[in-house]
Amino acid sequence: MDTIFTPTNYFRVLERHELFPDDNPLEVDLGCGDGSFLEAMAILYPERNFLGVERLIGRVEKTMHRLKQRGLTNARVLRLESLYALGWILPPSSVSRLHLLFPDPWPKKKHHNRRIYNHTNFHSVLSQVLVPKGEFLLKSDDLPYFESGVEVMSLHANFERLDWLESAAPYPFTDFEQQWLALSKIIHRARWRKLTV
Ligand SMILES: C[S@@+](CC[C@H](N)C(=O)[O-])C[C@H]1O[C@@H](n2cnc3c(N)ncnc32)[C@H](O)[C@@H]1O
């Protein structure tokens with residue numbers, strides 16, 4: 001199985017088993033960067049599957065090589081735009097956890113509409129791909145960005161915010177997170193659960 005997943009047809013929704021041959025829970029890392037989080041999660045949780053979604057080819061290649069070197073069969077990377085992957089490629093009710101870690105914060109007001117959760121269909125595609133009780137996890141070093149994400153999520157009654165304790169379960173640092181921690185930046189985190197089917 002290739003560590004890069006290339007759909008044979010970009011105009012139809014995938015079948016679950018096209019991504020991974022087993023029925024293990026699927027987690028998606030949107031904007032997976034260099035794949036270090038994906039790699040660490042795949043090693044920590046061999047009973048789960050992990051798909052990284054990334055649009056930059058250099059980062060996709062880094063991720064591919066990283067996963068290949070480790071011989072991981074429960075993690076793959078898809079080179080695609082995040083919202084397209086969620087809305088048009090991933091099977092409905094297939095994702096148990098969706099990770100959005102240190103996304104580009106687009107700090108200028110005129111660019112706020114580029115923030116992923118400000119896209120009009122973000123909430124519907126998020127609901128569409130998550131399994132019942134599936135989770136959405138967000139981490140950011142940028143407080144205004146983080147707060148606006150929390151506000152947007154609070155508008156949606158079919159998501160409830162959960163505690164996310166550091167000690168709850170191992171959750172490796174991402175590449176960007178390590179860079180921000182080295183600069184003593186504060187990391188903000190939030191976790192939501194989908195309530196309805
Ligand atoms: C700031 S980096 C964070 C990378 C990684 N999550 C980490 O924490 O180390 C954001 C990543 O998201 C990717 N990205 C941004 N917008 C995207 C989109 N619309 N679709 C896919 N990837 C995207 C970027 O190419 C970049 O690799």
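Order of listing sets the numbers, starting from 1, for every ligand and every atom in it.
By the 6.0 Å and 45° rule, R115 does not stack over the aromatic ring of W106.
With sequence neighbours left out, V125 forms a side-chain contact (heavy atoms from CB on, under 4.5 Å) with L83, L86, N121. A42 is linked by a side-chain contact (heavy atoms from CB on, under 4.5 Å) to F50, L72, N74, A75, counting only residues two or more places apart in sequence or in another chain.
Residue pairs meeting the ring-ring contact (aromatic ring centres under 6.0 Å, His included) criterion with at least one partner in residues 113-134, sequence neighbours excluded, are Y117-Y145, F122-F136, H123-H156, H123-F159.
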Which N or O atoms of ligand 1 sit under 3.5 Å from a protein N or O, and how far apart is each pair?
unit_1, atom_1, unit_2, atom_2, d
ligand 1, 6 (N), G31, O, 2.8
ligand 1, 6 (N), L101, O, 2.8
ligand 1, 8 (O), L101, O, 3.4
ligand 1, 8 (O), T174, OG1, 2.7
ligand 1, 9 (O), T174, OG1, 3.4
ligand 1, 9 (O), D175, N, 3.4
ligand 1, 9 (O), F176, N, 2.9
ligand 1, 19 (N), E81, OE2, 2.8
ligand 1, 20 (N), S82, N, 2.9
ligand 1, 20 (N), S82, OG, 3.1
ligand 1, 22 (N), R55, N, 3.4
ligand 1, 25 (O), E54, OE2, 2.5
ligand 1, 27 (O), E54, OE1, 2.6
ligand 1, 27 (O), E54, OE2, 3.2
ligand 1, 27 (O), R59, NH1, 2.6

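A distance of 9.0 Å separates CD of E135 from CG of L130, quoted to the nearest 0.5 Å.
Formation of a donor-acceptor pair under 3.5 Å by the R189 side chain with backbone atoms of S140 is not found in this model.
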